[in-house]
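Notes follow the structure.
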Amino acid sequence: MIFQGRGAVITGGGRGIGAAVAHELAENGAKVVVSARSMNEIEAVAQELTAVGHIAHAIKCDVADENSVAMMAKEAAVLLDTVDILVNNAGIARSNPVKRLSLEEWSQIMAVNATGTFLCSKAFLPGMLERRWGRVINVASVAGLRGSSYIAAYTASKHAQVGFTRALAAEVAEQGITVNAICPGYVDTPMTEYSIAHIVEKTGVSPEEALGHILALSKQNRLIRPEEVANLTLMLCGDDAKGINGQAIAIDGG
Ligand code: NDP
């Protein structure tokens with residue numbers, strides 16, 4: 001129960017990686033808030049956790065909306081007493097060649113993945129600074145470390161998330177707070193199911209062929225499990241990880 005007494009907010013906590021992170025943190029003693037736009041999903045995760053004796057709440061929030069983030073932060077502070085851990089995991093992915101990428105799609109992806117990370121960090125930072133302890137984990141992507149075709153907006157948003165991680169880490173390094181990014185390769189979540197469906201729709205290949213195309217990008221020829229990302233998050237949140245700051249750690253099989 002290494003996080004007993006700690007409060008944690010996980011954005012995008014209704015499914016996939018965020019739900020796995022919420023389970024891992026709660027199972028290790030943290031009180032958690034799971035947040036996203038779909039109330040049914042976050043309520044289901046919070047109920048699963050409370051049913052086995054953990055403290056968990058669901059708060060609806062759109063991370064791209066400053067007012068929504070401010071309201072979520074206010075409510076989370078009341079429910080958890082303190083928010084010591086913030087996992088900026090909410091994200092969306094779309095693919096399109098740049099010549100067909102609309103300004104609307106670009107802006108939407110940047111607003112959720114990059115601006116959402118900034119808004120949530122800004123909202124929870126004052127409490128962490130006051131208590132001189134905090135952990136901010138930004139779930140970025142290997143797309144935040146390199147470029148690949150047809151995902152320019154996603155890649156730019158994830159590079160922004162990694163850049164923000166490094167800058168904020170430098171800013172708060174002397175104040176007991178660490179800020180790190182996790183950069184997964186393809187993970188076995190609904191987002192990857194969506195990507196497979198998109199490849200099938202755009203190219204006419206079978207779902208198995210689309211999955212094969214994705215697996216070929218992994219040196220281990222497999223999808224990362226959400227629990228692997230959750231375990232790395234847990235490690236970075238611990239007191240023993242206080243020397244790890246401003247890093248962007250790939251978890252993609254090498
Ligand atoms: P999922 O699509 O499975 O889940 C995404 C979560 O984010 C959902 O809970 C969704 O809920 C929430 N979300 C989306 N938009 C918003 C918003 N505007 N405000 C609040 N919440 C939002 O994705 P994954 O679990 O796969 O991905 C989680 C993170 O990991 C993302 O940042 C993604 O970019 C990153 N990642 C994923 C990889 C993968 O292969 N799956 C690989 C590398 C990185 P709702 O729609 O209800 O709001």
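We count ligands from 1, going down the list as the structure has it; atoms in each ligand are counted the same way.
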Notebook entry, point to check: Non-hydrogen atoms of A93 versus ligand 1: any pair closer than 4.0 Å?
Noted result: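 It does not; every heavy atom stays at 4.0 Å or beyond.
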
Item checked: 4.0 Å heavy-atom contact, G185 with ligand 1 -> yes

Note to self: Considering Q108, M191, K158 one by one, which has a heavy atom nearer to atom 23 (O) of ligand 1 than any of the others?
What the structure shows: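 Among Q108, M191, K158, the closest heavy atom to atom 23 (O) of ligand 1 comes from M191.
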
Notebook entry, point to check: How far is atom 10 (C) of ligand 1 from its nearest protein heavy atom, and which residue and atom name does that atom have?
Noted result: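 Result: R15 NH2, 3.6 Å.
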
Side chain, backbone, both or neither: which part of [X] comes within less than 4.0 Å of ligand 1 when only heavy atoms are counted?
X	value
S35	neither
T189	side chain
V112	side chain
A140	backbone
I92	side chain
Y194	neither

Would you confirm whether [X], through its side chain, and [Y], through its main-chain N or O, come within 3.5 Å as a donor-acceptor pair?
X	Y	answer
T11	A90	yes
R135	L236	yes
Q161	V139	yes
S38	N40	no
K158	A143	no
E105	S102	no
T82	D84	no
S218	I214	no

Closer than 4.0 Å to some heavy atom of [X] - which atoms of ligand 1 meet that?
X	result
T192	39 (C), 40 (O), 41 (N)
C61	19 (N), 20 (C)
D62	17 (C), 18 (N), 19 (N)

Next item on the list: Go through the side-chain N and O atoms of S121 and N88 and say whether any donor and acceptor fall under 3.5 Å apart.
Entry: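 The criterion, which ignores hydrogens and geometry beyond distance, is satisfied for N88 and S121.
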
Margin query: Could you check whether E48 and H54, counting side-chain N and O atoms only, form a donor-acceptor pair closer than 3.5 Å?
Written below: no

Nitrogen or oxygen of [X] less than 3.5 angstrom from that of ligand 1:
X	value
N113	no
A36	no
S141	no
G12	yes
Y186	no
N89	yes
V187	yes

Next item on the list: Specify the closest pair of heavy atoms between C61 and S35, including all atoms of both residues, with the distance to one decimal.
Entry: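 Distance-wise, the nearest heavy atoms are CB-OG, 3.2 Å.
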
Notebook entry, point to check: Do the numbers put R94 on top of the ring of Y194, so that NZ or CZ is under 6.0 Å from the six-membered ring centre and no more than 45° off the axis?
Noted result: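 Yes; both conditions hold, so R94 lies above the ring face of Y194.
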
